[in-house]
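These notes are about the structure you will find just below.
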Number of protein chains: 2
Amino acid sequence: MAIKRPASAGRGTGASAKGGATDGLDPVLGVVARYFGVLAEPTRLKILHAICDDEQSVSAIVAATGTTQSNVSRHLSLMLNAGIVERRRDGCAVYYRIADPEFVDICRRMCERIASRLDMQAPLRRDLMGFAARH
Amino acid sequence: MAIKRPASAGRGTGASAKGGATDGLDPVLGVVARYFGVLAEPTRLKILHAICDDEQSVSAIVAATGTTQSNVSRHLSLMLNAGIVERRRDGCAVYYRIADPEFVDICRRMCERIASRLDMQAPLRRDLMGFAARH
DNA sequence: GCCGAGCATGCGCATATGCTCATATTCAAA
DNA sequence: TTTGAATATGAGCATATGCGCATGCTCGGC
């Protein structure tokens with residue numbers, strides 16, 4: 001993914017789509033797509049899930065997600081760059097927290113929407129609704 | 001991406017995360033991630049943008065997006081499978097439309113959120129807000 | 001039945017992305 | 001300062017994914 005820090009994002013003058021209304025749409029969609037891309041990884045969602053109530057240290061997140069510390073740090077850096085999480089240092093531990101609840105809310109809505117499209121008795125549906133309700 | 005048609009999604013018994021509360025979270029996050037993945041492509045967002053007002057034929061979408069017909073068809077198939085768009089055949093033309101406005105709304109909210117994080121004078125911000133307002 | 005327009009799909013390539021291993025860096029305690 | 005714990009990062013690998021090309025399929029008109 002790799003999202004440039006918010007502030008600008010290089011509005012290239014190229015690629016304005018042969019046919020469509022040539023507003024500055026392409027760069028916009030590119031940025032939006034990259035943000036969706038950040039949410040398009042199970043591990044990252046798991047990390048967000050782990051820190052969406054309170055901030056957590058990296059090691060706590062590692063324990064919660066069951067993946068490598070290396071991996072967790074990488075995903076956290078990426079989300080930090082995207083401005084989705086924030087960082088706080090305490091001693092030699094580093095705590096991460098959600099930077100913007102809206103992103104969690106978008107996840108919640110996505111869950112609800114997917115759940116509503118599943119068969120009522122599908123087991124996944126229950127899990128999705130439970131997940132959505134918790135956030 | 002490739003999302004299984006809604007109805008079930010194979011709730012594997014494996015991989016329950018070493019540490020965390022072992023609810024059926026992993027399959028849930030996997031599914032949610034895949035849906036976000038569908039929205040994580042500029043071309044697909046462009047297609048959604050093209051059909052979010054009225055249904056459009058494939059060739060119209062090709063013209064609007066400025067990409068290959070092959071490419072458009074592929075993305076449309078993917079989104080059809082994900083249940084994000086719907087298909088209607090009229091003669092030898094095929095029309096696609098948004099299946100669930102909620103997905104467009106999620107895009108809109110993402111746009112707004114990203115725009116709000118950009119500097120007020122960043123040109124991208126204007127485009128994002130404009131894009132969000134139109135949906 | 002034949003043909004052309006419109007759409008879908010198999011194949012191969014180039015790139016992007018996530019994961020793991022090993023190592024560097026940062027901080028606190030001794 | 002030295003040491004060890006906690007976190008971050010570089011390198012390499014395996015896979016996933018988007019794109020273009022060529023081809024197959026479907027439908028209406030002739």
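Chain identifiers are assigned alphabetically (A, B, ...) following the order of the sequence lines, protein sequences preceding nucleic acid strands; residue numbering begins at 1 within each chain. Since the structure is predicted, the reported quantities are computational estimates derived from the model, not experimental observations.
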Any residue meeting side-chain hydrogen bond (donor to acceptor under 3.5 Å, both in side chains) with [X], in chain and number order, not counting sequence neighbours:
X: A:E41; result: none
X: A:T43; result: none
X: B:S59; result: B:S57
X: A:N71; result: A:T67

Interface polar pairs with nucleotides 10-12 of chain C, N/O, under 3.5 angstrom:
| unit_1 | atom_1 | unit_2 | atom_2 | d |
| --- | --- | --- | --- | --- |
| C:dG10 | O6 | B:R74 | NH2 | 2.2 |

**Prompt:** Of the candidate nucleotides C:dA8, D:dT7, C:dG6, which contains the atom at the shortest distance from the side chain of A:V94?
**Reply:** D:dT7
**Complete:** Quick note, A:N71 side chain, CB onward, closest among C:dC7, D:dT7, C:dT20 is C:dT20
Quick one: [atom1] on [X] to [atom2] on [Y], what's the gap to the nearest 0.5 Å?
X: B:T65; Y: A:L29; atom1: OG1; atom2: CG; value: 11.0 Å
X: B:L45; Y: B:C52; atom1: CG; atom2: SG; value: 11.0 Å
X: A:I98; Y: A:D54; atom1: CD1; atom2: CG; value: 11.0 Å
X: B:R109; Y: A:I106; atom1: CZ; atom2: CD1; value: 6.0 Å

Could you give the [atom1]-to-[atom2] distance, from [X] to [N], as a whole number of Å?
X: A:E55; N: D:dT7; atom1: CD; atom2: P; value: 12 Å
X: A:L78; N: D:dT9; atom1: CG; atom2: P; value: 12 Å
X: A:K46; N: C:dG18; atom1: NZ; atom2: P; value: 16 Å
X: A:M79; N: D:dA8; atom1: CE; atom2: C1'; value: 15 Å
X: B:I61; N: C:dC7; atom1: CD1; atom2: C1'; value: 11 Å
X: A:Y95; N: D:dA6; atom1: OH; atom2: P; value: 11 Å
X: B:R88; N: D:dC27; atom1: CZ; atom2: P; value: 15 Å
X: B:L76; N: C:dT9; atom1: CG; atom2: P; value: 11 Å

**Asked** Testing A:V32, A:L39, A:V31 for side-chain contact (heavy atoms from CB on, under 4.5 Å) with A:Y35, which one passes?
**Response** A:V31
Tabulated below should be each protein N or O lying under 3.5 Å from an N or O of nucleotides 23-30 of chain C; please produce it.
none

Strictly below 4.0 Å: does [X] bring a side-chain N or O up to OP1 or OP2 of [N]?
X: A:T68; N: C:dT20; value: yes
X: A:H75; N: C:dT17; value: no
X: A:Y96; N: D:dA6; value: no
X: B:S77; N: C:dT9; value: yes

**Asked** Contact class for A:S59 (heavy atom, under 4.0 Å): base, sugar-phosphate, or nothing?
**Response** sugar-phosphate
**Message:** Strictly by salt bridge (charged side-chain N to carboxylate O under 4.0 Å, His left out), give each pair with a member in residues 69-89 of chain A just once, sequence neighbours left out.
**Reply:** A:E55-A:R88, A:E86-A:R97
